[in-house]
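Sequence lines set the chain letters: A, B, ... in the order given, protein chains first and strands last, and positions in each chain run from 1.
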Amino acid sequence: GAPIVIQNKYLQATFDPDTGLLSSLSNLETKQTIKLTQNFYWYNASDGINKDSHQPSGAYIFRPNSSTLSTVSRTAKAENFQTSVVQEVRQWFAPWVSQVVRLYADSKALELEWTVGPVPVSDGQGKEVITRLDTSIKTAEFFYTDSNGREVLQRKKDFRPTWQLKQTEPIAGNYYPINSRAFIKDDKDQLTVVTDRSQGGSSIQNGSLEIMLHRRLLYDDYRGVGEPLDEASEIFPEGLVVRGRLLLSLERPASAADTHRPLAQEVVFQPLLTFTDGDLK
Amino acid sequence: KGDSQTLRKAMAVAQHHDAVSGTEKQHVANDYARRLANGWQHCQVLVSNSLASLSGSAAKRIYCDHLNISVCPLTESSRQFSVSVYNPLAQPLTWPVRLPVNGTAYRVTDAEGKPVDSQVLPVSRATQEVRRNRGFALNELVFQVRAPPLGYSTYAASLIQDRPPPPPPRH
């Protein structure tokens, strides 16, 4: 019944014992705490049969057929390992979705290593799988993504800074590219997510940040590629399995970049490991 | 003889907007992957030559491209191995390393022979499912490495215990 807690000298992450999901994140240096729930969801991809538009979701076009998300699982089976080098909680959501939440001893970031796939499509529904971080941060419809890995731009839901927007796609119309990081913030707290690859993301609800992880679609979008986005491999003929990492940092807005800039550099320019058998004198 | 030209050319091909955004046909995606993998193979020789020159050791260097799914035939089977860490950043690096192993306790030392705190954890269930029949590691050896700016460091790992039961999960 007690919450699962992983902690180092910088961060503390708490998990709800009933659901196995993250429930809060604290920065122990700055003494800030936010409510933080994270889970996995999927949008049902549009098949093009829609009164507003015949555009199916495909390689070029992200177009869910409604704004309603399906939850992969409301709870996760969780295992907790605590050692002097790393503390981790392994979460199992479904046969095709799992995650390891890690906190290394000297790290100022919480690592979420997600594994998604093969995405099941035997129900005839194409799926666009996301993870969503729901927080207590008061975002007032603003969020921030980087456009090219350098410049972080302010985004506002259903708004464009240079023209009067008539929003026709309530989800896809609010998605933006994330190349290395995205964040949400208010006066006190900034939650930054550093990604290990280019992804799409948005903040549809205040205080939330969602990031696209995987897509498996059943129809071509008629934009030129000529085939549905339905990748498989020799090892996984039933659909691609994808694994990636998100790094979360919680800081005061004024000093958040001091953490997320070096963090993103370490992700982009990762060290190169080589091995030799035996003792290398 | 290694070269970086092969990877350079593969990267040039992959600047096409379809490669950048993933809007290519599947057989084209497969071809991009093949070109990039071939380029990396050539680069590995180049990196090995450079590290041999810098370290003064001609020992054969192995690359483990599937560490993200806990697959590395060398660390899974060897009782003693070394890890060299090259840091491409212009600032000192501290980085967690996770290596697939089959032993349950290892002695890890830095280049000066000082012991480094290390732990062995069982491979996660998800990883076992992802890698299917490609890897056999039961555990992962985890430790923090440090490397100087634009430089490298070397760590040695040797097996000190084989096959006691892995630690039970706390929950």
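- Once rounded to the nearest 0.5 Å, the distance linking OG of B:Ser124 with CD of A:Glu79 reads 9.0 Å.
- Residues of residues 18-25 of chain B that come within less than 4.5 angstrom of chain A, heavy atom to heavy atom, are B:Asp18, B:Gly22, B:Thr23, B:Glu24, B:Lys25 in numerical order.
- The candidate from B:Asn87, B:Leu74, B:Val28, B:Val85 with the greatest count of non-hydrogen atom pairs under 4.5 Å with chain A is B:Leu74.
- Ranking B:Val142, B:Leu99, B:Leu89 against chain A, the residue ahead of the rest is B:Leu89, based on heavy-atom pairs under 4.5 Å.
- Interface remark: of the candidates B:Gly56, B:Ser158, B:Ala111, B:Cys64, B:Cys64 forms the most heavy-atom pairs closer than 4.5 Å to chain A.
- At a heavy-atom separation below 4.5 angstrom, chain A is approached by no residue within residues 1-10 of chain B.
- For a residue to count as touching a neighbouring chain, one of its non-hydrogen atoms must lie under 4.5 Å from one of that chain's; by this rule A:Pro95 touches chain B with the backbone only.
- Taking 4.0 Å as the cut-off between side-chain N and carboxylate O, B:Arg98 and A:Glu113 do not count as a salt-bridged pair.
- Of the atoms belonging to A:Val86, it is side-chain heavy atoms, and not backbone ones, that fall under 4.5 Å from chain B.
- Closest approach of B:Leu121 to A:Arg90, counting heavy atoms only: CB-NH2, 4.0 Å.
- Counting non-hydrogen atoms of other residues, nucleotides and ligands closer than 6.0 Å to CZ of A:Arg261 gives a total of 12 or fewer.
- Among the candidates A:Asp221, A:Val225, A:Val89, A:Leu229, the residue making the largest number of heavy-atom pairs closer than 4.5 Å to chain B is A:Val225.
- Among residues 30-47 of chain B, the residues having any heavy atom closer than 4.5 Å to a heavy atom of chain A are, in sequence order, B:Trp40, B:Val47.
- The two residues B:Arg146 and A:Asp106 have their closest heavy-atom pair at NH2-OD2, 4.1 Å.
- Chain B forms the most heavy-atom pairs under 4.5 Å with one residue out of A:Glu231, A:Arg223, A:Lys77, and that residue is A:Glu231.
- A donor-acceptor pair under 3.5 Å is formed between the side chain of A:Glu227 and the backbone N or O of B:Gln26.
- B:Val145 does not touch chain A: none of its heavy atoms, backbone or side chain, sits under 4.5 Å away.
- In this structure, OH in A:Tyr104 is found 11.5 Å from CZ in B:Phe143, a value given to the nearest 0.5 Å.
- With a 4.5 angstrom heavy-atom cutoff, A:Val85 touches chain B via backbone and side-chain atoms both.
- For the options A:Ser107, A:Ser98, A:Ser84, heavy-atom pairs under 4.5 Å to chain B are most numerous at A:Ser84.
- Using a 4.5 Å cut-off between heavy atoms, B:Ser118 contacts chain A through its backbone alone, with no side-chain atom that close.
- Within residues 268-277 of chain A, the residues approaching chain B closer than 4.5 Å by heavy atoms are, in numerical order, A:Phe269, A:Gln270, A:Pro271, A:Leu272, A:Leu273, A:Thr274, A:Phe275, A:Thr276, A:Asp277.
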